[in-house]
Amino acid sequence: MYLFNTLKRRKEEFVPIDENNVRMYVCGPTVYDRAHLGNAKTPVVFDVLFRVLCNKYGKDHVTYVSNITDVDDKILNKHKETGKSIREITEQTYQWYVDDMAKLNVLSPNYRPRATEYINEMIELVELLLKEGHAYEAQGHVLFDVDSMPNYGFLSGRSMKEMIAGARIEVADYKKNPADFVLWKPSDADQPGWNSPWGYGRPGWHLECSAMSSKLLGNSFDIHGGGSDLIFPHHENECAQSLCAHPGEKFANYWVHGGMLMVDGVKMSKSLGNFYTIDQVLEKAPAEALRLLFLTTHYHQPFNFTFEGLEAAKQTLDKFYNALLRVKDVACDSSVADERIVNALEDDINTPLALSYIHDLVNTLNKAESDADKAKAKTTLLKSAELLGILWQNPEEWFKGSVGDEAQEIEKLIAQRAEAKKNKDYALADKIRNDLKEQGIILEDSPQGTTWKKI
RNA sequence: GGCCGGUUGGCAGAGUGGCUCAUGCAGAGGACUGCAAAUCCUUGUACAUCGGUUCAAUUCCGGUACCGGCCUCCA
């Protein structure tokens, strides 16, 4: 198995520390508002990696942690804007997020820790950094001292000189070095906070991931993931904290970063009017189409979202489910996932290549004649698709799912049309078909009779 | 200004030092069908640009142009 490791800036063979417990940590969202498309892409990508790891090492030998940031100034701002309590905001947003993930068929990680439940661990980490001489107190803050870490910047490939040249860092006068970042900051009495050796306050953003990953995965683990925008400063600073607090440990061996999501070729942002939340998009297309769409581009590349692409993904799924619909009564056999697909996914999660083989498997299934061939092709397809987290739905529900009481009426019209066809009254038969088409119902004749689908 | 990444056929998007070939959509032709739909078969079109390395480069190296990301909160 191979992964592109940001640390080395190249693809390298993945060798876990312990094959019996492969450990992965992926940065999750800050829960202050509905999750947007970018918040959806990263978990889908790492969900595929999680599935591939489970397939290779065994489900019980993989531990996947993805956090929820529920203490952050953005949440505080939301509270000021809306007047809703912090708790109300984070609980509601958390629920939205979990629901969105479920719709996208993202498997639950083994742990979804919330930052506020690990405050003690964070305080301990800060104490450790102070003790080791990597942090200092200033005006109620505790700051990480980047000068105490000679190779600070090694993950993102930045030198201190460059970062100062950037000159966009807000320089508080209590900082020894402009690049020093906050580990702990004071809170006003009406702000969320916890008592600490440095007074009432709250953790800095980078601290939580270091604390939670150590607690749940140990001080050295295998994979740390996230969007590429997190490389600096978030992951750089996590590295700094964790490595300085735990000398001799490796923190994460493989850093895996997904490309940014764009909309119509440019970065998604509210000011450009091309900002979409997950639920907004799911009003226009099934969640599975969005999931498939994410997988059509290699995760490491920037991903360009368009509604045309979403529609195309939906049509691709129609094709796939069409093939499955024909064999809905064929039982699965003992076939396993296609080796080509396993290999493609184990080669740095090459989902576009894997999908090309899915097309090939669908083609094979469509051409299968004997029941044994059908069973084999169907099973191979489904097992392979499971690694990608697609094709989990019942094909009939895929095509008819959103149709409720009308089903009986449709069946009645189909019977009428069959009668008309029998009498060679094609004008009436075509009228029935066209009327249904206008309602979004497509009829398909086959030697076995007529079936219908909702577009 | 610094640091990354990209540029493949009408579109989306893999991959490779030489081979018949990604794949999908769209297009063209055909089979099937009362006509369709679905499905199957056949088919055209490509590797930004300029140099270098090489027997051979879309693929490796260097320059140029263009595009995008990060350097501030961000998945």
Side-chain angles (χ1 to χ4, degrees), chain A residues 4 6 9 26-30 32 35-46 66 69 72-74 77 97 153 156-159 161-170 179 205 225-236 257-262 265-270 292-293 295-304 306 308-309 311-313 315-316 318-323 325-326 344 347 350-360 362-363 365-367 399 420-422 424-427 429-430 433-434 437 441-447 450-453 455:
Chain A
F4 187 95
T6 304
R9 306 206 185 274
V26 176
C27 292
T30 301
Y32 69 102
H36 58 65
L37 284 178
N39 289 318
K41 190 212 165 206
T42 299
V44 167
V45 163
F46 285 98
S66 187
T69 299
D72 185 88
D73 286 359
K74 280 187 175 174
N77 292 339
Y97 180 72
S156 55
R158 287 155 208 269
S159 68
K161 218 173 158 184
E162 285 161 9
M163 276 181 282
I164 292 161
R168 287 171 70 183
I169 307 162
E170 187 194 343
W205 173 39
S228 62
D229 55 341
L230 295 183
I231 296 172
F232 188 89
H234 186 52
H235 289 164
E236 189 70 64
H257 291 102
M260 289 293 95
L261 179 132
M262 328 266 280
V266 290
K267 185 175 173 167
M268 181 171 79
S269 74
K270 284 177 180 166
L292 176 66
L293 181 59
L295 302 180
T296 57
T297 301
H298 186 90
Y299 80 93
H300 204 251
Q301 300 284 88
F303 171 82
N304 189 29
T306 62
E308 291 74 29
E311 181 54 31
Q315 280 176 20
T316 301
D318 283 343
K319 181 181 170 178
F320 292 170
Y321 276 116
N322 233 322
L325 188 61
R326 292 161 189 244
D347 185 11
N350 193 337
T351 53
L353 186 60
L355 284 170
S356 78
Y357 295 127
I358 292 281
H359 278 283
D360 186 55
V362 168
N363 185 258
L365 177 57
N366 280 327
K367 284 193 283 188
F399 289 114
K421 274 174 68 177
K422 210 168 149 189
K424 303 244 193 279
D425 184 356
Y426 293 121
D430 288 351
R433 186 168 66 194
N434 287 334
K437 193 176 177 184
I441 307 296
I442 299 281
L443 297 189
E444 291 178 0
D445 296 335
S446 79
T450 300
T451 56
W452 62 273
K453 294 170 182 167
I455 311 175

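Convention: sequence-line order gives letters A, B, ...; per-chain numbering from 1.
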**OP:** Classify every nucleotide of nucleotides 38-44 of chain B by which part a protein heavy atom approaches to under 4.0 Å, writing B for the base, S for the sugar-phosphate alone and - for neither, in 5'-to-3' order.
**Re:** SSSS---
Original post:
Quick one: side chain to side chain donor-acceptor pair (under 3.5 Å) partners of Asp425(A), sequence neighbours excluded?
Top reply: none
**OP:** Could you state the atom-to-atom distance from CG of Asn434(A) to P of C35(B) in whole Å?
**Re:** 16 Å
**OP:** For nucleotides C70(B) and C61(B), find the distance between their C1' atoms and express it as a whole number of Å.
**Re:** 26 Å
Original post:
Which value, in whole Å, describes the distance between the C1' atoms of nucleotides A48(B) and G44(B)?
Top reply: 23 Å
Subject >> Separation between the P atoms of U39(B) and C50(B), rounded to whole Å >> reply: 42 Å
**OP:** Send over the distance from Phe232(A) CZ to C3(B) P, rounded to a whole Å.
**Re:** 15 Å
Original post:
With no hydrogens and no angle check, is any side-chain donor or acceptor of Ser66(A) less than 3.5 Å from a backbone partner on Val26(A)?
Top reply: yes
Original post:
Under the ring-ring contact (aromatic ring centres under 6.0 Å, His included) test, which residues partner Phe320(A), sequence neighbours left out?
Top reply: His359(A)
**OP:** Report the residue from Asn39(A), Thr297(A), Asn304(A), Leu37(A) that forms a side chain to side chain contact (heavy atoms under 4.5 Å, CB included) with Leu261(A).
**Re:** Leu37(A)
Original post:
When the C1' atoms of C21(B) and G5(B) are considered, how many whole Å apart are they?
Top reply: 29 Å
**OP:** Tell me, please, which residues at least two apart from His300(A) pass side-chain contact (heavy atoms from CB on, under 4.5 Å).
**Re:** Phe4(A), His298(A)
Subject >> Rounded distance in Å - CG (Asp229(A)) to P (C71(B)) >> reply: 8 Å
Subject >> Closest nucleotide among C70(B), U23(B), C35(B) to the Ser356(A) side chain >> reply: U23(B)
**OP:** Describe the nucleic acid contact of Leu261(A) in one word from base, sugar-phosphate, nothing, applying a heavy-atom distance below 4.0 Å.
**Re:** base
**OP:** With sequence neighbours excluded, tell me which residues meet salt bridge (Lys or Arg N to Asp or Glu O under 4.0 Å) with Glu308(A).
**Re:** none
**OP:** Could you say whether Leu443(A) or Phe303(A) is positioned toward the 5' end of RNA chain B, judged by the nucleotide with the nearest heavy atom to each?
**Re:** Phe303(A)
Original post:
Of Asp360(A) and His298(A), whose nearest nucleotide on RNA chain B comes first from the 5' end?
Top reply: His298(A)
**OP:** Please work out if Gly28(A) contacts a base, only the sugar-phosphate, or nothing of the nucleic acid, heavy-atom cut-off 4.0 Å.
**Re:** sugar-phosphate
**OP:** Provide the distance between the two C1' atoms, one in C25(B) and one in G13(B), to the nearest whole Å.
**Re:** 11 Å
Original post:
C73(B), C70(B), G34(B): which one has an atom nearest the side-chain heavy atoms of Asp430(A)?
Top reply: G34(B)
Original post:
Could you write out RNA chain B as a dot-bracket string, with dots for unpaired bases, | for bases paired across to another strand, and Watson-Crick or G-U pairs counted at under 3.5 Å?
Top reply: (((((((..(((.....[....))).(((((.......)))))....(((((..]....))))))))))))....
Subject >> Euclidean distance for P, U59(B) against G51(B) (whole angstrom) >> reply: 14 Å
Subject >> Atom P, compared across A12(B) and G17(B): separation rounded to whole Å >> reply: 25 Å
**OP:** Please state whether the phosphate of G13(B), meaning OP1 or OP2, lies under 4.0 angstrom from any side-chain nitrogen or oxygen of Thr297(A).
**Re:** yes
Original post:
Just checking Pro302(A): base, sugar-phosphate only, or nothing, at a heavy-atom cut-off of under 4.0 Å?
Top reply: nothing
Original post:
With Thr450(A), which residues qualify under side chain to side chain donor-acceptor pair (under 3.5 Å), at least two apart?
Top reply: Asp445(A)
Original post:
Just checking Gly38(A): base, sugar-phosphate only, or nothing, at a heavy-atom cut-off of under 4.0 Å?
Top reply: base
Subject >> Options A75(B), G68(B), G34(B), nucleotide nearest the side-chain atoms of Met262(A) >> reply: G68(B)
**OP:** Write down the distance separating the C1' atoms in U33(B) and C40(B), rounded off to the nearest Å.
**Re:** 13 Å
Original post:
From the list A75(B), A22(B), C73(B), which nucleotide is the closest neighbour of the side chain of Lys74(A)?
Top reply: C73(B)
Subject >> Touch class at under 4.0 angstrom, heavy-atom based, for Ile358(A) against every strand present >> reply: nothing
**OP:** Could you state the atom-to-atom distance from NE2 of His257(A) to P of C4(B) in whole Å?
**Re:** 15 Å
**OP:** Report the nucleotide, chosen from G13(B), G69(B), A75(B), that has the shortest atom-to-atom distance to any side-chain atom of Lys267(A).
**Re:** G69(B)
**OP:** Look up atom CZ in Phe303(A) and atom OG1 in Thr42(A), then write down how far apart they are to the nearest 0.5 Å.
**Re:** 11.5 Å
Subject >> Between P of C35(B) and CD1 of Ile442(A), the distance in whole Å >> reply: 18 Å
**OP:** Ignoring hydrogens and angles, answer whether the base of A36(B) and the side-chain atoms of Arg433(A) contain a donor-acceptor pair closer than 3.5 Å.
**Re:** yes
Original post:
Under 30°, 30 to 60°, or over 60°: which ring-plane class applies to Tyr321(A) and Phe399(A), parallel, tilted or perpendicular?
Top reply: perpendicular
Original post:
Can you name the residues that form a side chain to side chain donor-acceptor pair (under 3.5 Å) with Asn77(A), not counting sequence neighbours?
Top reply: none
Original post:
Taking only residues two or more places apart in sequence, or in another chain, which ones meet Asn350(A) in a side chain to side chain donor-acceptor pair (under 3.5 Å)?
Top reply: none
**OP:** Would you indicate whether the side-chain heavy atoms of Ser228(A) and Met260(A) approach each other to under 4.5 Å?
**Re:** yes
Subject >> N/O donor-acceptor pair, side chain Asn350(A) with base G15(B), under 3.5 angstrom >> reply: no
